**Student:** 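The structure under discussion is supplied below as C-alpha cells; questions concerning it will follow.
Remember, it's a predicted structure, so these values are computed and weren't measured experimentally. Atoms within each ligand, like the ligands themselves, are counted from 1 in listed order. Index from 1, following the sequence. Quick note: numbers below take in every heavy atom, side chains included, and nothing from hydrogens, waters or symmetry partners.
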Amino acid sequence: MQEKQLQTLLDSLTWTEKVGQLIQLSGEFFNTEGMAVGPQQKLGISDEILANVGSVLNVTGAEKTKEIQERFLSQSTHKIPLLFMADIIYGYRTIFPIPLGLGATWNPELIESAYQVLGKEARSGGAHVTFAPMVDLVRDARWGRCLESTGEDPLLNSHFARSMVNGIQHQFDSMGIASCIKHFAAYGAAEAGREYNTVDMSERRLREDYLPSYQAGVDAGAKMVMTSFNTYDGMPVTGNEFLLKNVLRDEWGFDGVIISDYAAVKELIDHGVAKDNFEATTLAMQATNDIDMKSPCYATALLPLIKDGKIDEELVNQAVYRVLKLKNDLGLFEDATRGASAAKETELLLHDSHRQLAKQVSSEAMVLLENKNQLLPLTPNQDKVLLVGPYGDNQELIGLWAVHGKTQDTVSILSGLKNYLDDEHLSFEKGSDMLDSYDFLGEFGAPKEMIDSLKMTPEAQAEALEKAVTLGEKADVIIYALGEHTMQSGEAGSRTDLRLPDVQRRFLKKMIALGKKNILIAISGRPLILTEEQRQMDAIIAAWFPGTEGGSALADIIFGKVNPSGRLSMSFPYTVGQLPIYYNGFKTGRPATTSNHSGRFVSKYLDAPNEPLYPFGYGLSYHQSQLSELTLSETEMTDSLTISLEVSNLSQVAGTDTIQLYIQDVVGSVVRPVKELKQFKKITLAGHETKTISFTLTRDELRFYTKSMAFAAEPGEFLIFVENGQQQVTAKFDLI
Ligand code: BGC
C-alpha cells in the first residue's frame, strides 16, 4: 500500500478502531469459537475494542495464526490484519545457545547467520515480529536475565545488537521478520540484581555504557523497540519522555513502533507515578509509547481521554499511523498470513543445516575455564569415562526463554559422548539430584504432585551416590554435568547464592575424594561462582544452556574435534559479595595495587580479591598463542594510527584466537575506565603459524562524554592493551 493510502485508511477509522490498533492481547483472548470472555472481563476490555485489537502476543504456528487471522479479518470492517508478535529470543525451533553464550563467541557474523535461521523458521510459523534481540548491558550475575544478554561490554553488545537485527530482518520481504530491540533502557542495571528493581545512574554512564547497544540496533533498522520495566532517574521508562521521546525518537530518529513491556503501562500506577488508568495512559502516550502490551489502560482509558479532549488527538493519530505502517512494511495488507505455512514449517524447522549451524555456534560459545596439565582433549575410547550429574542424561539444555523450542529435540550430553566412546569406555550414573527442593516451582504454577515427583527420595539419592562411587572407583576420568535448574535463571530468576546447588556440591565432595581426573561441565544461565570447583577440578567448561545441539557440540570439544575458542563476555565473580563486577570500571583515588596509601586504606576487600575468578575476555584453548612485536605506526595520533602485532601459535594444533584491543585514557576531564574494549579480531592459526595482524584506531573511537557532556576525544596520553584471553602486551601514544 502507498503511504498516501495508509493515511486515507487512518482517516477513515473511528476512534475505537484507532485505539484497538494500540492494544496487544495474548493468545488466551483468541480461541476457536471467538474471543474468550474470562480474560476480557479481567482486563475490563469491551467487545468493541476486542473486535478491533491490533496485535497478538505469543501465538505461533502456521495453522493457528492463519486460522486466527482469517477469522478476525472475516469479522472486521476495515480488514486491518493482526500483527503476531512473539518471544523468539535465541531460536524458534532450532535453539541456539542462550545469548550469554552467543556473546562468548565474539563472532557477530556467525550470530547473524544464526538469527537468519531464527527469522526464517519463525516466519514459517506465522510470526511477524520477534521481541529480540534483548541488548541490555549486564554487570550483576544475581540478575536472572543475564541469560538473555550478550554481556557486560557496550562495544561487544553493540556488535551483537547489529548482527542480530540484521539476521532477523535479513531479506525482509522474502525471508525475514521484524525485530524489536528490548528492553529500552538500562533494565540490566536493576539495583542489587533484583528483578524489576530501581535503576538510577548518571546520564553520562547511561549514555556511555548502557545506550550504545540499543542505538546500534536502532541504527541497524530494527522496526520496534520495547520499553523496560525499570525506572530511570525517578520515572518508569514506559512514561519517561526523556528516554522515549527525547533520546529514542528525537535524537536517534526512531520512527518505528514502541511497545510497552508486559503490563508496564498499568505498572505506572504501582510505581506511584500515576493514580489510575487515565493518568497511566496519559503518561505513556505522551512519552510516545505506541502499543500497550497486556494491560487494561489504553483499552479502558484512551477513548474517554480522547472524547473529553484530555489527550492530544495528534499523539494518538501518530501512534496508530506507526502501527499501520509496520503492518504495511510487513506486506500484511497484501498478504495477511505472510509466510505462515505448515509445509514450510515441515521443511524448515530443525532442518539439518540449522542443526549444523546450532552445533557450530554452540561449540564457539563454550568457554574452557580450566585445563590443568592439559587433561583435555580426551582421546576417544582410551580412558574409562564416567559421566555423572543431573545434566548428564538430560535434554533440558535449551534454557528458560526457548519458548517455542522442544527439549525432546535436544542432544543430551550422554548422547554426545556416545559419538566418541563405546560402552566399554563410557558409563553413566545420575548420582545426585538437581536441587534439594523444588518448591519454588509452585510459583510457576507447578502442581504439588509434580513438584513432589521431581525430588529424589533419600533412598534413591543414597543409592545413586553409591552407584556413582562404585563406578567412579573403576573410572579414569569423571565428567560432572552440573548446574542451575532451568527455572533458576531468566526473567524473575534473581538469586543471591550463585554457587552450584548445595546437593550437587555435597555430591561433588564425595566424588572428588576418589582422586580421579575431574571435568566439570557447568550448565547455567549466568556466571556461576566456581571458586571451590576451580580448586577441585582439572578442567572446567562453561557450557551455558547450549541449545538443541548442546550435547554434540560439547563432545566435539571434549574429544578435540573442536578446539575451544569461546571467551567470556561477562566476568565470573570470585564471590557474590563482589557484585556488580565488570572489567571496565572507573579508576579510583586509591587503586588497590598502585596507590601510595599503604596496606588497608586502598580500594579493596579485606576478605576477597578485587578481581573476578575469570575476567571478561578470558578463555583457554588447546593451543597456546603468544603476542609479540606490538608496534604503533606513530606515537602521536591526529586522526588515526595503526597498531600491529604478531600472533604466534606455539602448539602443533590449529586454533582460533580472539585478539582484543583495549585502551585507557590516562587523564580526562572526567574519570575514565581502567580499560575499554575498542576492537577485536578472531583469527585462526595453523599449528606453529605466526600471523601479523593490525588494527586501525581512529580519533572517533576515543570519544566519550566529557565534563561538559560533549561527545569528544580529549588530547593527552593513552595506553593500549592487546590481549588474547591469557596474555597482555602494552604500548602508549599521545592524542594531539
Ligand atoms: C518480558 C519481555 C517479553 C514480554 C512478552 C515480559 O515479561 O520482560 O521480555 O518480551 O514479557 O512475553
**Student:** Considering the heavy atoms of Asn58, write down every atom of ligand 1 situated less than 4.0 Å from one of them.
**Tutor:**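 Matching atoms, with element in brackets: 12 (O).
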**Student:** Considering only heavy atoms of Tyr262, which atoms of ligand 1 have at least one such atom less than 4.0 Å away?
**Tutor:**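 Counting atoms of ligand 1 from 1, those under 4.0 Å from Tyr262 are 6 (C), 7 (O), 11 (O).
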**Student:** Pick one of side chain, backbone, both or neither for how Met134 approaches ligand 1, counting any non-hydrogen atom pair under 4.0 Å.
**Tutor:**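 Neither part.
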**Student:** Using a heavy-atom cut-off of under 4.0 Å, does the side chain or the backbone of Lys294 touch ligand 1, or both, or neither?
**Tutor:**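 The answer is neither.
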**Student:** Arg145 heavy atoms, cut-off 4.0 Å: which ligand 1 atoms fall inside?
**Tutor:** 1 (C), 2 (C), 8 (O), 9 (O)
**Student:** Show which atoms of ligand 1 fall inside a sub-4.0 Å distance from at least one heavy-atom site of Lys182.
**Tutor:** 2 (C), 3 (C), 9 (O), 10 (O)
**Student:** Please report the C-alpha distance between Trp143 and Tyr187 in whole Å, then the side-chain angles of each, then the deciding distance to 0.1 Å, and finally whether the ring pair (Phe, Tyr, Trp, His ring centres under 6.0 Å) criterion is met.
**Tutor:** CA-CA 10 Å; Trp143 194 50; Tyr187 182 32; 4.9 Å; yes
**Student:** Strictly by modelled atom types, are Asp136 and Tyr210 linked by a side-chain donor-acceptor pair under 3.5 Å?
**Tutor:** no
**Student:** When Phe545 is tested against each of Ser489, Pro97, Ser362 for side-chain contact (heavy atoms from CB on, under 4.5 Å), which residue passes?
**Tutor:** Ser489
**Student:** Passes ring pair (Phe, Tyr, Trp, His ring centres under 6.0 Å), Phe184 versus Trp252? Steps please.
**Tutor:** CA-CA 13 Å; Phe184 184 79; Trp252 298 356; 5.7 Å; yes
**Student:** Please determine, by modelled atom types, if Thr150 and Asn157 share a side-chain donor-acceptor pair under 3.5 angstrom.
**Tutor:**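 Yes.
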**Student:** Identify, by atom number and element, the atoms of ligand 1 in contact range of Phe131, meaning under 4.0 Å from any of its heavy atoms.
**Tutor:**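 Atoms satisfying the 4.0 Å criterion: 10 (O).
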